[in-house]
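Everything on this sheet refers to the single structure shown next.
Computed from a predicted structure; not experimentally measured.
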Amino acid sequence: MTERHEIFERINELAQNIDEDFEFADIEQVEEFLDDVENQQYEEYDEIERLYNELMELSFYDDEENDL
């Protein structure tokens, strides 16, 4: 299992606490969630944002390695 996949699993575990039927399938859905100001009310928001930032770092390093 890749680190990226593990992060998505952790994000989805947190999302389950918000709504049992809520699941992120891709990075765009996470971005939409974070962009919606109303979602900041959830205590899971900060952790989801932190995990999203980890995903962005991984993507940056993946892109850098592909450029070499």
Side-chain angles (χ1 to χ4, degrees):
M1 188 179 319
T2 66
E3 189 172 356
R4 184 179 179 89
H5 184 76
E6 289 176 15
I7 292 172
F8 260 105
E9 278 192 359
R10 291 184 4 227
I11 289 173
N12 283 320
E13 286 174 12
L14 292 166
Q16 295 276 314
N17 293 337
I18 296 169
D19 182 345
E20 298 244 345
D21 295 326
F22 200 65
E23 185 171 336
F24 295 108
D26 56 40
I27 198 80
E28 287 81 19
Q29 289 178 320
V30 179
E31 289 171 347
E32 287 175 18
F33 173 85
L34 294 173
D35 287 343
D36 188 341
V37 175
E38 289 184 22
N39 290 330
Q40 292 179 9
Q41 69 180 320
Y42 302 114
E43 71 179 64
E44 293 84 1
Y45 180 91
D46 289 338
E47 183 65 10
I48 290 173
E49 183 177 39
R50 187 188 69 73
L51 292 167
Y52 167 80
N53 289 332
E54 277 188 45
L55 279 174
M56 291 293 89
E57 277 186 40
L58 283 175
S59 295
F60 175 76
Y61 290 118
D62 287 347
D63 290 345
E64 238 181 35
E65 286 178 10
N66 290 336
D67 290 343
L68 295 177

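Summarising the geometry, atom CD belonging to E6 is positioned 10.0 Å from atom CG belonging to L58; distances are rounded to the nearest 0.5 Å. From I48, atom CD1 reaches atom CG of N53 across 12.0 Å, with rounding to the nearest 0.5 Å. Atom-to-atom distance recorded for Q40:CD and E49:CD is 7.5 Å, nearest 0.5 angstrom. Note that the CZ atom of R4 and the CZ atom of F8 stand 6.0 Å from one another [nearest 0.5 Å].
For the pair Y52/E31, a side-chain contact is recorded, criterion being any heavy-atom separation below 4.5 Å from C-beta on. With contacts defined as side-chain heavy-atom distances shorter than 4.5 Å, the pair L14/L51 qualifies. F22 is not listed as a side-chain neighbour of N12, based on a closest heavy-atom distance of 4.5 Å or more. With contacts defined as side-chain heavy-atom distances shorter than 4.5 Å, the pair I7/T2 does not qualify.
Remark: E54 engages R10 in a salt bridge, criterion side-chain N to carboxylate O under 4.0 Å. E47 and R50 are joined by a salt bridge, as a carboxylate oxygen and a charged side-chain nitrogen come within less than 4.0 angstrom of each other.
The number of heavy-atom neighbours closer than 6.0 Å to CD of Q41, taken from other residues, nucleotides and ligands shown, is above 12.
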| Could you go step by step and tell me if I27 and L55 meet the side-chain contact (heavy atoms from CB on, under 4.5 Å) rule? | CA-CA 8 Å; I27 198 80; L55 279 174; 3.5 Å; yes

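Ring orientation note: the planes of F33 and F24 are nearly perpendicular, at an angle over 60° on the 30°/60° scale.
Without hydrogens or angle criteria, Y42 side chain to I18 main chain gives no donor-acceptor distance under 3.5 Å. Looking only at distances, no side-chain donor or acceptor of E20 sits under 3.5 Å from a matching main-chain atom of Q16.
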